[in-house]
Amino acid sequence: MSRKGIGLRVLVGIVVGILLGLLLLKVAPVGAQPGDKFTVVTDTSEAITAVIPEGIKPAKLKIGDDEVGDARQWSGIPITALPAAITEATGIQVRSVELKERKGVTVRPAVTEVIYVGGEIFLRLLRMLVVPLIIATVLVGIASLGNVRQLGRLGAMTATIYIATMLVAAGVGVAYVDTIKPGMPLREAWSSEATDIAIADQTPSELILRVIPTNPVEAIVKLDIIGILFFTILLAFAILSLGKRRSAPVFNFFEALNDLMFVLIGWVMALAPFGVGLLIAHTIGTQDVDFLSTLLKGLGLFALTVTLALVTHFIILLLIVTFIGKYNPIEFVRKLGPAMAVAFGTNSSTATLPVTMRCVEDMGVSKRIRNFVVPVGATLNMDGTALFEAVTVIFFAQAFGFDLSFSQQLLVAILSVVAAMGAAGIPSAGLVTMVIVLSAVGLPATKIATIFAIDRPLDMMRTIVNITGDAMTSRVVQTKFPEIRPEDDDAASEYEVVEPASSHGD
Ligand code: ASP
């Protein structure tokens, strides 16, 4: 498949995916799910909570603290049919049932299941490539730069752009949330209410220690990308220090692996129009429209704030590409199109990494720059996530009835950058590391689950912004290092094969 045509095909895939998703909503809506929480109104009492237990099948419905009803399979039953089903099973006259909380969709109608499997195959193929791709590209990228001083300058510039743009993103978020104040309408309801959702806490020291894996193989198995990066970068420096002759077998191996990975990426990208379409169809088709519209009534202003701030930051990134990266922004968006589409469909910058790498190469960026800047960025540089963390934390503060001072907001912005760097490039990762920022300003994490329910569309947008930041930085670094020319890539990476007799190094 021609690389030029892929952008258009993915676009068609997105449109078809959206239509298919809307059709699914009509013809095959998902029913109740394991883990769903409902408010049940009966003839005798108002608003009791009912839960469909997870894991045990078939399970009795939990209403309040009691398990009631027969042991039927509760998940999958259409929510509109639940009142009658509960009445039949328990004898309690149920007037209405309303979905309050949903952890995810695992029980689907048959047709949706087929779409799910199709999308998941594409996602798994992408994720399958990530670990070998990161190791091979980062190692070859650093080792073939050869010149340690140049490498230092390149690394310093990349880190500076990454941190500066994430701080700008958090700042944009703060400006929007302070202006729109989406938390204010919820202040009365939220400041008195607390739910008991606990979310894994991560302290700053845990985040720092996470960088160093105690066992690189374990890091690979657990897909601990930060740990893998740390080990690979050290190994690349070791190759540089040992010299080209002694390390040639290892270098050449990874260079061949690198080339092979790009052959595989080409094959997987040919599936992108279908894969992205199916992922989007599944995301849309498995929504519960009533639930979503109730949520949006309360959180619509918040979603709007996040959206406006993300769009603003996206424009800022394009301005940087234009004026500092000296690259046509329309061309930039066109070339990055396939990666943006995959980010939109997968909600994961890590899964998108193989596609981002290909797109950045098309922008005239040297492989030696791309191989270093993009994988590191996919893991650590998350402008969209930093922005989202800042907006959400200040939104929580507004809704919980706290007015944060300027210095507290500054702290939120800085910690949002730290939390974004700590977030993995996977769906909704930003919500998990948000606890760091929340605890620093003394806010409870009780409402994170509420945001989680509407996170999918917001995550789609911030993942696009995340990968755009990586591509923008590659382009800017290329402009600042004109001496690293794409044309010289092949010559620069030639390592000699070691002769057994001369293994004492250079
Ligand atoms: N899904 C985002 C990414 O992969 C991370 C996040 O903000 O949740 O880039």
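The analysis underlying the following values was restricted to heavy atoms, covering all of them including side chains, and did not include hydrogens, waters or symmetry mates. Just so you know, these numbers come straight off a predicted model, no measurement behind them. As the structure lists them, so they are numbered: ligands from 1, and atoms in each ligand from 1.
- Within the 4.0 Å heavy-atom criterion, both parts of Ser349, backbone and side chain, lie near ligand 1.
- Using modelled atom types, one finds a donor on one side chain and an acceptor on the other under 3.5 Å when comparing Thr312 with Tyr176.
- Of all non-hydrogen atoms in Gly227 and Ala219, the two that sit nearest each other are C-CB, 4.4 Å.
- With hydrogens left out, the protein atom closest to atom 1 (N) of ligand 1 is Asp459 OD1, 2.7 Å, a heavy atom.
- When each of Ile467, Thr468, Asn466 is tested with Thr356 by the rule side chain to side chain contact (heavy atoms under 4.5 Å, CB included), just one qualifies, namely Ile467.
- Annotation: Gly425 places an N or O atom under 3.5 Å from an N or O atom of ligand 1; distance criterion only.
- The shortest N or O to N or O distance between Ala429 and ligand 1 is under 3.5 Å.
- Under 4.0 Å from ligand 1, the heavy atoms of Ile426 that appear belong solely to its backbone.
- Geometrically, Arg108 engages Tyr116 in a cation-pi contact, judged by NZ or CZ lying under 6.0 Å from the ring centre and within 45° of the ring axis.
- Residues Asn258 and Thr137 have side chains that never bring a donor and an acceptor to within less than 3.5 angstrom of each other.
- Contact atoms of ligand 1 toward Ser348: 4 (O) (distance under 4.0 Å to a heavy atom of the residue).
- The atoms of ligand 1 that sit less than 4.0 Å from any heavy atom of Asn347 are 1 (N), 4 (O).
- Which parts of ligand 1 touch Thr385 is read off a 4.0 Å heavy-atom cut-off, strictly below it: atoms 5 (C), 6 (C), 7 (O).
- Using a 4.0 angstrom heavy-atom cutoff, Ser428 counts as in contact with ligand 1.
- Taking the side chain as every heavy atom from C-beta outward, Thr379 and Thr350 never approach each other to under 4.5 Å.
- Inspection of the Asp455 and Ser428 side chains reveals an N or O donor paired with an N or O acceptor under 3.5 Å.
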